[in-house]
Structure formats: C-alpha cells, structure tokens
Amino acid sequence: MDHRRQENREQPQAVDVPIVKMHGLGNDFVMVSEPLRDSKSYRSPPSGGHTVADVEVPPLSPLLAALAATSHTFPSYVPAASRARSVWAGGVGHVTKTLCTRRFGVGADGLTLLLPPFATLSTLPGKPAHHFRFELYNPDGSAAPMCGNALRCAAKLVWERRGQLLPDWLWAAKNEDGKNDRNVLYIETPAGTMVAHLTVTDGGAHVTAIRVDMGKPDFARSAVPCTLPSAATASLQSKDTGDLPVLEEDYVFEGVTYQFSSLVVGVPHTVVFVDDADKVPLYTLGPALEKDRSIFPQGTNVGFVQVLPANKINYWAWERGVGETLACGTGASAAAVVATVLDRVDPTKPVHAHLTGGDLTLRVDFSPTAAKEGRDRYQSVERVWMEGPADVVFDGVARVTL
C-alpha cells in the first residue's frame, strides 16, 4: 500500500503556468507572476502606525506548491519556511529549462519570478520596504542574483498591471522625502534592494522607460571572486589581496594578451576593452574567460567594450550560464563604471551604451571626495544608474510537466 502511494507521488504531473513573454533590448524573459495582491505579505497598515512587527511567509501559488511537492525541488535539509521564501532548488531549474529552451519551449534568456515580498513595510513610518520580490534563473537552471534587463521588464509589468497585482493602499505610502511619488518601485532581489524610477505616459497607464539604481559596485576581487595565477599575485605588494580591485589585469588567449577588469554590479562582470570587435575572437574568448576556473572559481559574465567619441561605447555581452545575449543591463553598467574609473570616458557625463539589441544610458555617481584621476577613483564610486526600455511580447499559458 505504501509502495503504491509512493509510486503515485512520483507520477509526472502537468501544471498550466500563466506567463508573460517580455524583452529588454532583445534580452528576453518568461515572466511568471504570483497573485501578489492576495498575499498575506500585503497587510493593510494599522491605523496607529506603519510598521510590521513580524513577517508572514507568503503562500505558494499552485505552480510553486507543485514544485515544492516534487522530490527534485528541495533537498531534505532545506527548512519548510525557506521553501516558501525561495524556489532556487532543482524544481525551478527543471521548469526553467523546459520554458526557456527555444523551439521546444517558449524560448528565453531566463525565467523571472515575481513574488510577494517578505515585508512591504519597514520600521520607518510610511516608507515601503519592497513592492515585490524578484527571482531570476538562467536557461541552464542556475540562479542569477540580478539582471538589469529582467528587472526593467519586471518593473514595467508590475506597474502597468498594478491594479491586479498590488493592493491599492500600498500606493498611498510615502517615500523618504515625504512625497507620494507613485512612479517608484522598491524591488527585493537576492542582490539587495533595487529602486526603479518609471517614466510613464497616458495618465500613468504605460511605462516608456525605467531608470534603476543599480547600487554601489563592489571592486573587491574576493567578491567576484577572482583568483589570479600565482605568477601575477606574487608581484602584488600586499599579503591581503582579497580586497584589491581587479583592474587592467593581463589574460593571454591564443598567444594574444588582453586586459580585463572585474567587479560586481549585482552579479560578477569582467570587462575587456577592444579597439575593434571585428578583430577579436568574441565567440571563443568570451566562453574561455567565463569558464576559466583558475581565475574565476565561480565563472563570470564577460563584456567586450569599444569606446567611441562623445561618451559612447559599444557593448557585446557573453553571459554566464546563457552565452551570447543581445543585451545585458548589469554588464553595460559595469562597463560604464570601469570606463569611467579608467578615464576612458568623461566621468561628469552620462555614458551612452549601444548593445546589439538597442541602447542604454548609464550614469556613475561619485562621492564628493572622489579622486580626480588615477585608478584609485574606484574607491569613490557611490552607485551606477541604468535607464532603458522594456516591452511585452505576449501573454499565454504554458504547460509544464513536473
């Protein structure tokens, strides 16, 4: 009897998944949205204040509940509460591969989940902590802490469908400056809180552009992480190399020496400046750097940058776990930061990045005590802003077998 029950539990089950296909400059995603409005995370603020004393775990949707019930979703050591807070394990990897495989599935550069946040109100009166939670998975099933293009898509979708996704009272909350700025979304991501500023038209019905505060870049090589070969580290004058920046390091590939710089903007990026992209073996050098575990133990995203006049750059993206993509928002942001730090562009002006799928505008903010010149300027980078569009391709329902 128990044996038959076990067999029944392991029978494949089909789940219908409501999806929205979107893209940011050709970087395309399958978006799966939870019924956010009905989640216990969105509790109306008490009349006497705007605080949440405890955080209730958001309920699982039918899809995520089905994933949590399958044996391949969560290892046994993952606590039940954590299963509701993240769907990073094997089950979502299976769904991601199914949906993102082109010609056999919907086809996309990644799967994006829009989830209830852990808490919508902070201890500061009237300040929303997060409007929703964002999780992203690469086509190979691996989790990605952040993606600028996917985040813009998520912000556009949530804003334009806020009547169905978010409770009305949330929009009455005020920002830090005390203003009812309804064109701002606070987004919870594995890489931290991201703030999206929206340009809207038609009385707020449509989003035409999204400007995202990508946060403060992390230059520490231990954060990337980046481990240089012993011959290179031996020349450094500090015994503690973990916090040193990875700027203009040499990499020899097929007898040619290239220089790379690495940093974290949500996820790790390695930036390689080239004079002429047509003369660089992008399709072999990109994956070689991505998977060179002697330097990048966890792999890295790779971006090739050609500097143009008038503070413009061309950017070509090779993403970890994905391959070539038409655009990469976090990568273009990282390229703008490195180009600014290394004086390859004017640090006082926005950087206009042209990617295969379209254009982004980046701006790097420095602290008032920023170094005027030299590589030490990296210590004064406060944040980087990214602005660009996002578009809905279609709505549909995909059937996934678990």
Side-chain angles (χ1 to χ4, degrees), residues 17-34 36 92 95-96 99-100 102 105-117 130-139 143-166 183-191 193-201 204-214 265-267 301 317 319 321-322 325-333 353 355-362 385-396 398:
V17 184
I19 63 169
V20 182
K21 179 70 178 292
M22 299 188 69
H23 78 89
L25 304 183
N27 197 191
D28 58 345
F29 305 94
V30 173
M31 319 290 290
V32 178
S33 176
E34 290 283 77
L36 306 181
V92 77
V95 172
T96 301
L99 291 176
C100 292
R102 302 188 188 277
V106 179
D109 291 325
L111 174 71
T112 299
L113 302 183
L114 309 183
L115 304 165
H130 300 107
H131 289 92
F132 67 96
R133 181 159 54 102
F134 165 97
E135 290 188 9
L136 175 69
Y137 301 87
N138 295 318
M146 245 296 289
C147 170
N149 290 319
L151 192 73
R152 293 201 315 277
C153 289
K156 177 184 176 72
L157 185 64
V158 169
W159 174 266
E160 292 186 345
R161 304 187 185 187
R162 60 195 181 279
Q164 295 79 42
L165 295 177
L166 299 177
N183 296 1
V184 176
L185 291 174
Y186 293 84
I187 306 170
E188 179 183 6
T189 82
T193 299
M194 301 294 167
V195 184
H197 300 256
L198 311 172
T199 300
V200 299
T201 59
H206 298 101
V207 176
T208 58
I210 306 98
R211 182 169 60 95
V212 181
D213 179 355
M214 303 297 288
V265 179
V267 292
N301 297 283
E319 296 192 49
V322 184
T325 59
L326 298 181
C328 179
T330 53
S333 300
L355 298 86
T356 306
D359 299 333
L360 292 172
T361 299
L362 299 313
W385 295 84
M386 173 199 64
E387 183 171 6
D391 294 287
V392 174
V393 181
F394 62 81
D395 288 72

- Please examine the side chains of Trp159 and Val200, heavy atoms only from C-beta on, and report whether any two atoms are closer than 4.5 Å. yes

- Query: Who passes side chain to side chain contact (heavy atoms under 4.5 Å, CB included) against Pro18, sequence neighbours left out?
  - Reply: none

- Query: With sequence neighbours excluded, what pairs up with Ser333 under the side-chain hydrogen bond (donor to acceptor under 3.5 Å, both in side chains) test?
  - Reply: none

- Query: Listed by chain and number, what are the side-chain hydrogen bond (donor to acceptor under 3.5 Å, both in side chains) partners of Thr325, not counting sequence neighbours?
  - Reply: Glu319

- For the residue pair Asp213 and Trp385, establish whether any side-chain heavy-atom pair is separated by less than 4.5 Å. yes

- Note on the structure: In short, Thr96 meets Tyr137 closest at the heavy-atom pair OG1-CB, 3.5 Å

- Provide the closest heavy-atom pair for Cys147 versus Phe29 in the form atom of the first, atom of the second, distance. SG-CZ, 3.7 Å

- Could you tell me whether the side chain of His131 and the main chain of Ile187 form a donor-acceptor pair under 3.5 Å? no

- By side chain to side chain contact (heavy atoms under 4.5 Å, CB included), which residues pair with Ala144, not counting sequence neighbours? Leu136, Asn138

- From Phe134 atom CZ to Leu151 atom CG, the distance as rounded to the nearest 0.5 Å: 5.0 Å

- Item | Under 3.5 Å: donor-acceptor pair, side chain of Lys156, backbone of Val392 | no

- Message: Can you list everything that forms a salt bridge (charged side-chain N to carboxylate O under 4.0 Å, His left out) with Arg102? Sequence neighbours excluded, please.
- Response: Asp28, Asp109

- Please tell me if the side chains of Thr208 and Pro389 come closer than 4.5 Å, counting only heavy atoms from C-beta onward. no

- Between Val106 and Ala398, the two heavy atoms sitting closest are CG2-CB, 4.3 Å

- Message: Glu387: which residues meet the salt bridge (charged side-chain N to carboxylate O under 4.0 Å, His left out) condition with it, sequence neighbours left out?
- Response: none

- Message: Just to verify, what does Ala191 make a side chain to side chain contact (heavy atoms under 4.5 Å, CB included) with, not counting sequence neighbours?
- Response: Pro145, Met146, Thr189, Met194

- Straight-line distance of Asn27 CG to Arg152 CZ, nearest 0.5 Å: 8.5 Å

- Query: Partners of Asp391 by salt bridge (charged side-chain N to carboxylate O under 4.0 Å, His left out), sequence neighbours excluded?
  - Reply: none

- Side-chain contact, heavy-atom cut-off 4.5 Å: Leu165 with Ser33? yes

- Taking side-chain hydrogen bond (donor to acceptor under 3.5 Å, both in side chains) as the test, write out the residues that go with Thr361, two or more places apart. none

- Message: Set out, in order, the CA-CA distance, both residues' side-chain angles and the distance that settles side-chain contact (heavy atoms from CB on, under 4.5 Å) for Val184 and Val195, then state yes or no.
- Response: CA-CA 7 Å; Val184 176; Val195 184; 3.6 Å; yes

- Item | Closest approach of Ile19 to Val30 (non-hydrogen atoms, all atoms of both residues) | CG2-CG1, 3.7 Å

- Note on the structure: Taken in chain and number order and not counting sequence neighbours, the residues that satisfy side chain to side chain contact (heavy atoms under 4.5 Å, CB included) with Leu157 are Val20, Met22, Met31, Leu114, Arg161

- Message: Just verifying a value: how many Å separate Ile210 CD1 and Asn149 CG, rounded to the nearest 0.5 Å?
- Response: 10.0 Å

- For the residue pair Ala332 and Ala353, what are the closest heavy atoms and their distance? CB-CB, 4.4 Å

- Would you name the heavy atoms of Thr330 and Gly148 that are closest together and state the gap between them? CG2-N, 3.4 Å

